[in-house]
Asker: 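Just passing along the structure, written as C-alpha cells.
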Amino acid sequence: AACNSMIWRTRCSTCSRTFSLLLTGCDQKSDDSAKTSTASEATESESGNINSYVEIYNQLVGIMGLQEAKTKYENQHIESISKDRGVSFPRLNYDYINEQFAAAEKTKGVSPELSSAGKDLKQKINLLQQDYNQFNIYYESGEYKTDNLAKGKAADASIKKHFEEAMISFNKYQDALNQVYKKEKADQLEKLKQSGDLYAYHTAASLNAAEELVNVFKSEDDLKNAEKQKEADAIANRLQQELSALNTESIKRKEKSPDAPTHSILGHLMSCLSYYRKFKETGDQSDYKFMVDGYNQAVFSSSH
C-alpha cells in the first residue's frame, strides 16, 4: 500500500527542505501489517483536516513562493526606472492556491486560529492576484513603454503594500499551521506507539527527530549560534536513541520475516546525523547541506 504522506516545506538561506507529517504505511509489509494499517487509518483521518492548509503553505514557500515574488518585484525598482528597462510581474500559482483555499474552508475540526489565519491570507493573496491580472499584460505586452511607466509607477506603492501585508499574513499563517502540525505529529506518534508496531513507531519517531534537527537552523546566523547548537545537540542525542531502537526493530523484523523489504530510511538518517556531527567539527555549510540531504532522502524513502 502506498504511503498517504503529507509533505510540506520550509525555507533556508542555504538549503531546501521537505517535511513529512504522515509517516506510516509506506509499502512496508510484515506480520504486523494489520496493526500498521489500523494506525495509518487513524492518522490519515486526522491529517486530512489540514492537507489543504499544508498545500497552501507549500505553494507560498521556497524559490517559487511569496517571498521570492515580493523580492523580484521590489528589485525591479519600478518607482525609479525608465521605460527602456525590461519589466515583468511575478506570478504565484493562483489557480491551484485558490482551489486549496476553497478546500480548506470546507474542512472540519481545524483550530479557530488556523481557520482565521487562512481566511486572512486568502484575502491578501486575492489582492496580489488582482494586481497580477491588471499589470501582467501591462508589462508583458510592453504597454508600459507607451505611457513611460506612468500607470506602473502610480500603482507601485500599493502593490508593494499588498506584498508586505501578504507576507505578514503568511507569517501568522505559518505560526498557526505549525501549532496544529506539531500537535498532530505528537498524536500520530502516540497512536503508532499504542498500536504495538514498534518498527513503524521508531521509523516515524526517527524521522520526526531528524526533522526537528534540520529545522533548528533557519538562517546562516543560526548555523553559528551557540544556543542553536545546544538545542541541536539535544535533538541529535534523541535521534541517536531512536535510530538505535529502529535498528533493533529492523533486525527483529528481518529475523521474523526474512523476505521483508529492507528500508533505506535508517541509512539515510544515519547519514543525516553523521553529517550533523561533521558540520559541528568543520562549520562547513556543505556538511550542513549533506545533513539536510540525508533527511530529505529519508522522507522520500518513507513515501515510496
Asker: Is the side chain of Lys153 donor-acceptor paired with the backbone N or O of Glu79 at a distance under 3.5 Å, no angle test?
Answerer: yes
Asker: Looking at Glu242 and Arg238, is there a salt bridge between them, counting it only when a charged N and a carboxylate O are closer than 4.0 Å?
Answerer: no
Asker: Tell me whether the count of non-hydrogen atoms from other residues, nucleotides or ligands lying under 6.0 Å of NZ in Lys224 goes above 12.
Answerer: no
Asker: For the atom pair CG (Leu273) and CZ (Arg277), what is the distance rounded to the nearest 0.5 Å?
Answerer: 4.0 Å
Asker: Please assess Lys228 against Asp221 for the test salt bridge (charged side-chain N to carboxylate O under 4.0 Å, His left out), listing each intermediate value before the final yes or no.
Answerer: CA-CA 10 Å; Lys228 292 290 184 180; Asp221 288 339; over 6 Å; no
Asker: Supply the atom-to-atom distance His202 NE2 to Leu192 CG, rounded to the nearest 0.5 angstrom.
Answerer: 10.5 Å
Asker: So with a 6.0 Å cut-off around NZ of Lys160, is the heavy-atom count from everything else above 12?
Answerer: yes
Asker: Are Val299 and Phe290 connected in a single hydrophobic cluster, I mean Ile/Leu/Val/Met/Phe/Trp/Tyr linked by side-chain heavy atoms less than 4.5 Å apart?
Answerer: yes
Asker: Please check this pair: side chain of Glu231 against backbone of Val216, looking for a donor-acceptor N/O pair closer than 3.5 Å.
Answerer: no
Asker: Is the side chain of Thr146 donor-acceptor paired with the backbone N or O of Glu143 at a distance under 3.5 Å, no angle test?
Answerer: yes
Asker: Measure centre to centre between the rings of Phe163 and Tyr73, then say whether the value is under 6.0 Å.
Answerer: yes
Asker: What's the shortest heavy-atom distance between Thr107 and Val110, and which atoms?
Answerer: OG1-CG2, 3.4 Å
Asker: Between Asn58 and Gln100, do the side chains contain an N or O donor and an N or O acceptor separated by less than 3.5 Å?
Answerer: no
Asker: Compare every heavy atom of Val180 with every heavy atom of Ser111, then report the nearest pair and how far apart it is.
Answerer: OG-CG2, 3.5 Å
Asker: When hydrophobic residues are tied together by side-chain contacts of less than 4.5 Å, even through go-betweens, does Ile81 share a cluster with Ile159?
Answerer: yes
Asker: Any ion pair linking Asp187 and Lys191 (charged N to carboxylate O, less than 4.0 Å)?
Answerer: no
Asker: Is Glu249 paired with Lys252 through a side-chain N to carboxylate O contact shorter than 4.0 Å?
Answerer: yes
Asker: Quick check for you: to the nearest 0.5 Å, what is the distance between Lys182 atom NZ and Asn178 atom CG?
Answerer: 4.5 Å
Asker: Verify whether one side chain among Gln240 and Asn237 offers a donor that lies under 3.5 Å from an acceptor in the other.
Answerer: no
Asker: Establish, from distance only, whether the side-chain atoms of Ser286 and Asp284 form a donor-acceptor pair under 3.5 Å.
Answerer: yes
Asker: Nearest heavy-atom pair of Val214 and Cys272: which atoms, and what distance?
Answerer: CG1-SG, 4.4 Å
Asker: So which heavy atom on Pro90 is nearest to which on Tyr132, and how close?
Answerer: O-CD1, 3.7 Å
Asker: Hydrophobic clustering (ILVMFWY, side-chain heavy atoms < 4.5 Å, transitive) - are Tyr138 and Leu127 grouped together?
Answerer: no
Asker: Looking at Lys119 and Glu105, is there a salt bridge between them, counting it only when a charged N and a carboxylate O are closer than 4.0 Å?
Answerer: no
Asker: Whether the Gln130 and Gln134 side chains hold a donor-acceptor pair (N or O, under 3.5 Å, no angle test) is what I'd like checked.
Answerer: no
Asker: So which heavy atom on His268 is nearest to which on Ser301, and how close?
Answerer: CD2-OG, 3.3 Å
Asker: Drop me the distance from Asp287's CG to Leu223's CG, to the nearest 0.5 angstrom.
Answerer: 11.5 Å
Asker: Please report the interatomic distance OH(Tyr173) to CE(Met167), rounded to the nearest 0.5 Å.
Answerer: 13.5 Å
Asker: So, Lys145 and Asp84, do they make that salt bridge, N to O below 4.0 Å?
Answerer: no
Asker: For Lys183, look at atom NZ and say whether over 12 heavy atoms of other residues, nucleotides or ligands are found less than 6.0 Å away.
Answerer: no
Asker: Does Lys193 have more than 12 heavy atoms from other residues, nucleotides or ligands lying within 6.0 Å of its NZ?
Answerer: no
Asker: So Phe217 and Phe279, would you call those rings parallel, tilted or perpendicular, with 30° and 60° as cut-offs?
Answerer: perpendicular
Asker: Phe135 ring centre to Lys151 NZ or CZ under 6.0 Å, with the angle to the axis within 45°?
Answerer: yes
Asker: With hydrophobic residues grouped by side-chain heavy-atom distances under 4.5 Å, do Leu207 and Met270 end up in a single group?
Answerer: yes
Asker: Return yes if some donor-acceptor pair links the side-chain N/O of Ser116 with the main-chain N/O of Pro112 below 3.5 Å, else return no.
Answerer: no
Asker: For atom CD1 of Ile137, is the number of surrounding heavy atoms from other residues, nucleotides or ligands below 6.0 Å larger than 12?
Answerer: no
Asker: Out of curiosity, Ile125 CD1 to His162 NE2, how far, rounded to the nearest 0.5 Å?
Answerer: 11.5 Å
Asker: Please test Val61 against Leu66 for side-chain contact (heavy atoms from CB on, under 4.5 Å), starting from the C-alpha separation and ending with a verdict.
Answerer: CA-CA 6 Å; Val61 78; Leu66 179 58; over 6 Å; no
Asker: Give me the atom names and distance for the closest heavy-atom approach of Leu60 to Leu92.
Answerer: CD2-CD1, 4.0 Å
